[in-house]
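Have a look at the structure below before the remarks.
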Amino acid sequence: MAKTRKIDRTPANRRRNYFLVDASFLANNYIQPPMAPAGRERLRIEACQEWWQEIHCQLDAGTVRVYVPDICIAESFKVLAKKYYTQHWLQTPAAFSGVRRRLARDITMPTKLLKAQRRTVRFHDVSTSRDIIIAVDRFYELFMKSDLAVSLPDFIIVSTAKYLIDFFDVPKNLLHIVTLDRNLRAGTKKIPELPNAYDPTEAPDAVAKVFRDAPPA
């Protein structure tokens, strides 16, 4: 049976959505569309920005948590550096410093706020533990059997998804991987134990097609 590829903005029974995001999608939260070359690349950024607008609305409403593997946080800084030094999307040192500062601000939190009784953590980092590393080997074999090559950070993402389901009791139907890697997205469809993966830059995964205000009656 095909996986349901719809996300309720407000899950039933006061539950919440959980988004597990990859490095490229995270980095695109900080790159404004005019920074990208006109054409396909700008459209991809715009698609990611639409998803981020949706996620930020759910964060404000308290109906979502966003998880980022620690290796993907490091990779996001690498993505931003590439946009400055190699691709020249970020054309000035000030622009490069600005996007890095915004990313750093979102994935860190001052001790005072961490100790506060009422605290809002918008991004939760996930350390690459032993259990996640061990699972990488198994998922590598499963992806290779489907002739789908993905990077180590991508294997960390699917292993982290399984880790959140098994050890933190995150419901699989409420956990959503967001990635710009086609092979990772394709591989999750072949492995029933993994949650849905969405690529905002693919037409079937556009915001208007994925998110809904309420489940059908």
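Just so you know, residue 1 is the first one in the sequence shown, and it goes up from there. In this text the structure is predicted, and so the values were computed from the model without any measurement.
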Under 3.5 Å, side chain of [X] to main-chain N/O of [Y], donor-acceptor pair present?
X	Y	value
D205	V210	no
D70	T128	yes
D22	D154	no
S76	A23	yes
K209	R5	no
T108	A104	yes

For [X] and [Y], which heavy atoms make the closest approach, and how far apart are they?
X	Y	value
P195	I165	CD-CD1, 4.1 Å
G187	F143	CA-CE2, 3.6 Å
Q32	N29	NE2-O, 4.5 Å
L180	P200	CD2-CD, 3.8 Å
Q58	V64	C-CG1, 3.4 Å
R16	G62	NH1-O, 3.9 Å

Does any part of the side chain of [Y], heavy atoms only, come nearer than 4.5 Å to the side chain of [X], both counted from C-beta?
X	Y	result
D125	V68	no
L142	K190	no
R122	H56	yes
E54	F19	no
V99	W89	no
L26	L103	yes
E193	F139	yes
T201	C48	yes

Enter the distance from [X]:[atom1] to [Y]:[atom2] here, rounded to the nearest 0.5 Å.
X	Y	atom1	atom2	answer
N196	K189	CG	NZ	9.0 Å
H176	W51	NE2	CH2	8.0 Å
Q87	E41	CD	CD	7.0 Å
I177	Y18	CD1	OH	15.5 Å
C72	L20	SG	CG	7.5 Å
I55	F211	CD1	CZ	6.0 Å

Q: Please determine if D166 and K172 form a salt bridge, counting it only when a charged side-chain N lies under 4.0 Å from a carboxylate O.
A: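 Salt bridge absent between D166 and K172.
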Q: Go through I132 and V126 one step at a time and tell me if the side-chain contact (heavy atoms from CB on, under 4.5 Å) criterion holds.
A: CA-CA 10 Å; I132 291 174; V126 184; 4.1 Å; yes
Q. Tell me, which pairs form a ring pair (Phe, Tyr, Trp, His ring centres under 6.0 Å) where one or both residues lie in residues 100-130, sequence neighbours left out?
A. W52-F123, Y67-H124
Q. Step by step, would you call R212 with D8 a side-chain contact (heavy atoms from CB on, under 4.5 Å)?
A. CA-CA 5 Å; R212 61 188 178 188; D8 295 324; 2.5 Å; yes
Q: Compute whether any side-chain donor of one residue and acceptor of the other, for Q49 and Q53, lie under 3.5 angstrom apart.
A: no
Please say whether more than 12 non-hydrogen atoms of neighbouring residues, nucleotides or ligands are located less than 6.0 Å from [atom1] in [X].
X	atom1	answer
Q91	CD	no
R102	CZ	yes
R15	CZ	no
Y140	OH	no

Q) Does the pair R40 and R44 meet the rule for a side-chain contact (heavy atoms from CB on, under 4.5 Å), with working shown? A) CA-CA 6 Å; R40 179 175 178 271; R44 286 169 60 85; 3.6 Å; yes
Do [X] and [Y] belong together in a cluster built from hydrophobic side chains that touch within less than 4.5 Å?
X	Y	result
I157	Y163	yes
M144	I133	no
L194	I134	no
L90	V79	no

Q: Evaluate side-chain contact (heavy atoms from CB on, under 4.5 Å) for D199 paired with F25, printing each intermediate quantity in order.
A: CA-CA 9 Å; D199 181 347; F25 180 65; over 6 Å; no
Q: For E46, check side chain to side chain contact (heavy atoms under 4.5 Å, CB included) against everything at least two apart and list the hits.
A: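 So E46 forms a side chain to side chain contact (heavy atoms under 4.5 Å, CB included) with P33, R42, L43.
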Q | Pairing residues for V136 by the side chain to side chain contact (heavy atoms under 4.5 Å, CB included) criterion, not counting sequence neighbours | A |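 Counting only residues at least two positions away or on another chain, V136 forms a side chain to side chain contact (heavy atoms under 4.5 Å, CB included) with L152, F155, I156, S159.
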Q) Going by the angle between their ring planes, with limits at 30° and 60°, are Y85 and F96 parallel, tilted or perpendicular? A) perpendicular
